[in-house]
Number of protein chains: 2
Amino acid sequence: MQHHLDKIDTKILSLLQQNSNRTTKSIATELGMTTTPVFERIKKLEKQGYIKKYVALLNNKKIGLKQTVFIGITLQGHTRSYLEKFVTQINNFPEVIECHRVSGNFDYLLKLVVEDIEAYETFIITKLTLLPYLGNVQSLITLSTGKETNEIDLSRV
Amino acid sequence: MQHHLDKIDTKILSLLQQNSNRTTKSIATELGMTTTPVFERIKKLEKQGYIKKYVALLNNKKIGLKQTVFIGITLQGHTRSYLEKFVTQINNFPEVIECHRVSGNFDYLLKLVVEDIEAYETFIITKLTLLPYLGNVQSLITLSTGKETNEIDLSRV
DNA sequence: TATAAATAAGAATGTTATTCTTAATATGGT
DNA sequence: ACCATATTAAGAATAACATTCTTATTTATA
């Protein structure tokens, strides 16, 4: 069940990754085509699930959420049912935007977006540390971000 | 320079975060307004930079990029000019979608999206370890992802 | 209270998305 | 190589939407 994307498809995907508000016509012009085939390709890419969704990306800092933090977590008890409960609770915290189960020196890696360091400490104290079976908790406070994108390089596929 | 977003603005932002392809009319209806004021608010939010961009989010796995990996890195020499060079080179790797300078047990945290573990090893060997002054390099291989979003909870702002 | 500045409504217009029909191109089997 | 079939693209036609304009309403301010 491998994908079957030709050059035109990957080009369309890569353009929509950069800016999903471009008109079909402008994409078509760039590709030397008319709107209909481009339109139908986009619809196909949506229907087949290559495109998950279209979203607006906000300026977190401007909105007042200035601090990104990563947290590595190890758990002490690893029963399957507890892991599931743990993830469910983590996912419900609005501060958490990513939660990955990982192998390596941690069991979980979280990514958070919060107002500031203080809000982060509040999160740790009033939410995270209330969860049972927490082992090691290691915080990585973001000082600056060189790159942060969802854009995938499609020259590889 | 604080933001001045009222309830309507934050509601619009939160809807556009979930789906940026919704029509102005449908948003207006949901908010009990007409299209014009909603349209003008959206344009203002764009112009003032609250909305950074509109993008299509792709299904990485379906496209063949199945593996997410985080890498914690410490550097041995910390001259300012070297750090800048380091970040520039990291940012140019197509596998890297995030690069954060952090405080804590690492200097940098990277997020990568690659085909598979093998592609990851190739990256390490042929790209990352060629960079000078690398200290500790610790990989966190994602086993599963419970949550991964860009959507920010605006009830806090 | 009077005036100015925002904000919203409703109608009008221009663009674009979307559909339909037809033509061209590619694909597979004999 | 040839035909039938399935994809893919083009162009025109339509419907929906974005965008602008004018006018009314509300809100803030001196």
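Protein chains get the first letters and strands the later ones, always in sequence-line order, with residue 1 at the start of each.
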>> In whole Å, I'd like the distance from the CG atom of B/N21 to the C1' atom of C/dT18.
In response: 14 Å
> In whole angstrom, what separates B/H4's NE2 from C/dT7's C1'?
Replying inline: 15 Å
>> Does B/Y133 form a ring pair (Phe, Tyr, Trp, His ring centres under 6.0 Å) with B/F86? I'd like the steps, not just the answer.
In response: CA-CA 9 Å; B/Y133 304 114; B/F86 177 78; 9.9 Å; no
> Knowing that exactly one of B/V137, B/L75, B/V102 qualifies, which makes a side chain to side chain contact (heavy atoms under 4.5 Å, CB included) with B/Y108?
Replying inline: B/L75
> In whole angstrom, what separates B/D9's CG from C/dA6's P?
Replying inline: 15 Å
> With respect to the side chain of A/P37, which nucleotide from C/dA17, D/dT8, D/dA10 is positioned closest?
Replying inline: D/dA10
> For B/I8 and D/dT27, what is the distance between atoms CD1 and C1' respectively, to the nearest whole Å?
Replying inline: 13 Å
> Going hydrophobic residue to hydrophobic residue with side-chain gaps under 4.5 angstrom, can you get from B/I63 over to A/L15?
Replying inline: yes
> Considering only D/dG11, D/dT8, D/dA9, which nucleotide approaches the side chain of A/K44 most closely?
Replying inline: D/dT8
> Heavy atoms under 4.0 Å, any strand shown: does B/T24 hit a base, just sugar-phosphate, or nothing?
Replying inline: sugar-phosphate
>> Using C1' atoms of five pairs at each end, report the bend of the helix from C/dT1-D/dA30 to C/dT30-D/dA1 rounded to 10 degrees.
In response: 50°
>> For the NZ atom of B/K53 and the OG atom of A/S20, what is their distance to the nearest 0.5 Å?
In response: 9.5 Å
>> According to ring pair (Phe, Tyr, Trp, His ring centres under 6.0 Å), who are the partners of A/F39, at least two apart in sequence or on a separate chain?
In response: none
>> So if I take residues 25-34 of chain A and measure heavy-atom distances to DNA chain C, which residues fall below 4.0 Å?
In response: A/K25
> What integer distance in Å separates A/I42:CD1 from D/dT8:P?
Replying inline: 15 Å
>> Students often get this wrong, so: under 4.0 angstrom with heavy atoms, is A/T36 touching a base, only sugar-phosphate, or nothing?
In response: base
> Just how far, in rounded Å, is P of C/dA8 from NZ of B/K7?
Replying inline: 16 Å
> Do you reckon A/I124 sits in the same ILVMFWY cluster as A/F70, going by side-chain contacts under 4.5 Å, direct or chained?
Replying inline: no
> Measuring from B/Q67:CD to B/T142:OG1, what's the distance to the nearest 0.5 Å?
Replying inline: 6.5 Å
> Is it true that a side-chain atom of B/T35 and a backbone atom of B/K25 form a donor plus acceptor pair closer than 3.5 Å?
Replying inline: no
> Is B/R41 near enough to C/dA8 that one of its side-chain N or O atoms lies under 4.0 angstrom from OP1 or OP2?
Replying inline: yes
>> So that I can tick it off, tell me whether B/K43 and B/E46 are bridged by a salt bridge, with the cut-off set at under 4.0 angstrom between side-chain N and carboxylate O.
In response: yes
>> Whole angstroms only, please: what is the CZ-C1' distance between A/R22 and D/dA18?
In response: 18 Å
> When the nearest nucleotide of DNA chain C is assigned to A/T23 and to A/E40 on a heavy-atom basis, which residue is associated with the more 5' position?
Replying inline: A/T23
>> Whole angstroms only, please: what is the CZ-P distance between B/F39 and D/dT19?
In response: 4 Å
